[in-house]
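Let me begin by presenting the structure, written as structure tokens, before commenting on it.
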Amino acid sequence: MSTTPPGTVPASRNARFAWYAGLFVLGALVGTAGALVQAAWLPGGLFLALLATAALFYGGLRATGTQTAVVAGGGGWLLAVILLSLGRPEGDGVFAGGVGELLFLFGGMALAVMCTTLSRLPRPTP
């Protein structure tokens, strides 16, 4: 019988995939909410959106102990942000093309890279 230490993903393959899929969906939700919030309240909303993005990436890294979690959350976040930036054929879009949108996009990508390159936590000894 193997027990997993607190704060780590269970060793089974299906459990890891469930964690990564959940982080992908959570990343898409954070990306969507961040895109709406940063446009609504520009200086404070941008800070709040980037803070939520950093919490997603760093929390996924620390919860699972792997950089794959950051990639999964970042993939969902990037997919949502890119789809929202495309707009509709009528010309409507969430992003208006200002400085705030660029800071949100590049800031979120920089946060993902920073969290991916952080070192992993050492495994606790039983």
Side-chain angles (χ1 to χ4, degrees):
M1 172 188 245
S2 73
T3 61
T4 57
T8 60
V9 175
S12 87
R13 186 176 180 164
N14 291 335
R16 283 188 182 271
F17 286 145
W19 268 91
Y20 298 148
L23 285 169
F24 184 85
V25 171
L26 189 60
L29 291 174
V30 168
T32 302
L36 297 173
V37 167
Q38 64 85 25
W41 310 312
L42 184 56
L46 178 62
F47 176 72
L48 185 64
L50 288 175
L51 186 66
T53 303
L56 167 74
F57 297 151
Y58 188 74
L61 175 70
R62 292 302 175 211
T64 62
T66 64
Q67 283 89 3
T68 309
V70 180
V71 173
W77 180 87
L78 187 63
L79 180 70
V81 170
I82 294 298
L83 287 177
L84 288 172
S85 69
L86 293 177
R88 297 181 356 178
E90 293 87 16
D92 301 349
V94 174
F95 292 114
V99 175
E101 289 85 6
L102 288 175
L103 288 174
F104 178 62
L105 179 65
F106 291 127
M109 288 190 296
L111 287 169
V113 168
M114 284 189 278
C115 288
T116 304
T117 57
L118 286 175
S119 62
R120 288 191 249 175
L121 290 175
R123 294 274 185 202
T125 55

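Note that the coordinates shown come from a computational prediction; the quantities given were computed from them, not determined experimentally.
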Check: residues 22-35 side-chain donor-acceptor pairs under 3.5 Å, at least two apart:
| residue | atom | partner | partner atom | Å |
| --- | --- | --- | --- | --- |
| T32 | OG1 | A28 | O | 2.9 |

Acceptor/donor pairs from residues 107-117 side chains to any protein atom, 3.5 angstrom cut, sequence neighbours excluded:
| residue | atom | partner | partner atom | Å |
| --- | --- | --- | --- | --- |
| T116 | OG1 | A112 | O | 2.6 |
| T117 | OG1 | V113 | O | 3.0 |
| T117 | OG1 | M114 | O | 3.1 |

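Considering only heavy atoms from C-beta on, R16 stays 4.5 Å or farther from T68 through its side chain.
By the rule that hydrophobic residues join a cluster once side-chain heavy atoms approach within less than 4.5 Å of another member, L50 and Y58 end up as members of one cluster. Residue V71 is not grouped with residue L61 when hydrophobic side chains (ILVMFWY) are merged at heavy-atom distances under 4.5 angstrom, including chains of intermediate members. No chain of hydrophobic side-chain contacts below 4.5 Å, direct or via other Ile, Leu, Val, Met, Phe, Trp or Tyr residues, connects F57 to L51.
Note that the CG atom of L56 and the CH2 atom of W77 stand 10.0 Å from one another [nearest 0.5 Å].
Under the side chain to side chain contact (heavy atoms under 4.5 Å, CB included) criterion, A49 pairs with Q38, F104, sequence neighbours left out. Legend: residues meeting side chain to side chain contact (heavy atoms under 4.5 Å, CB included) with L102, ordered by chain and number and at least two apart, are F106. Looking at residues two or more places apart in sequence or on another chain, you find a side chain to side chain contact (heavy atoms under 4.5 Å, CB included) between V37 and W41, L48.
Contact detail for A69 and G60: the closest heavy-atom pair is CB-O, 3.4 Å.
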**Request:** Applying side-chain hydrogen bond (donor to acceptor under 3.5 Å, both in side chains), run through Y20 and T64 and close with a yes or a no.
**Result:** CA-CA 9 Å; Y20 298 148; T64 62; 5.1 Å; no
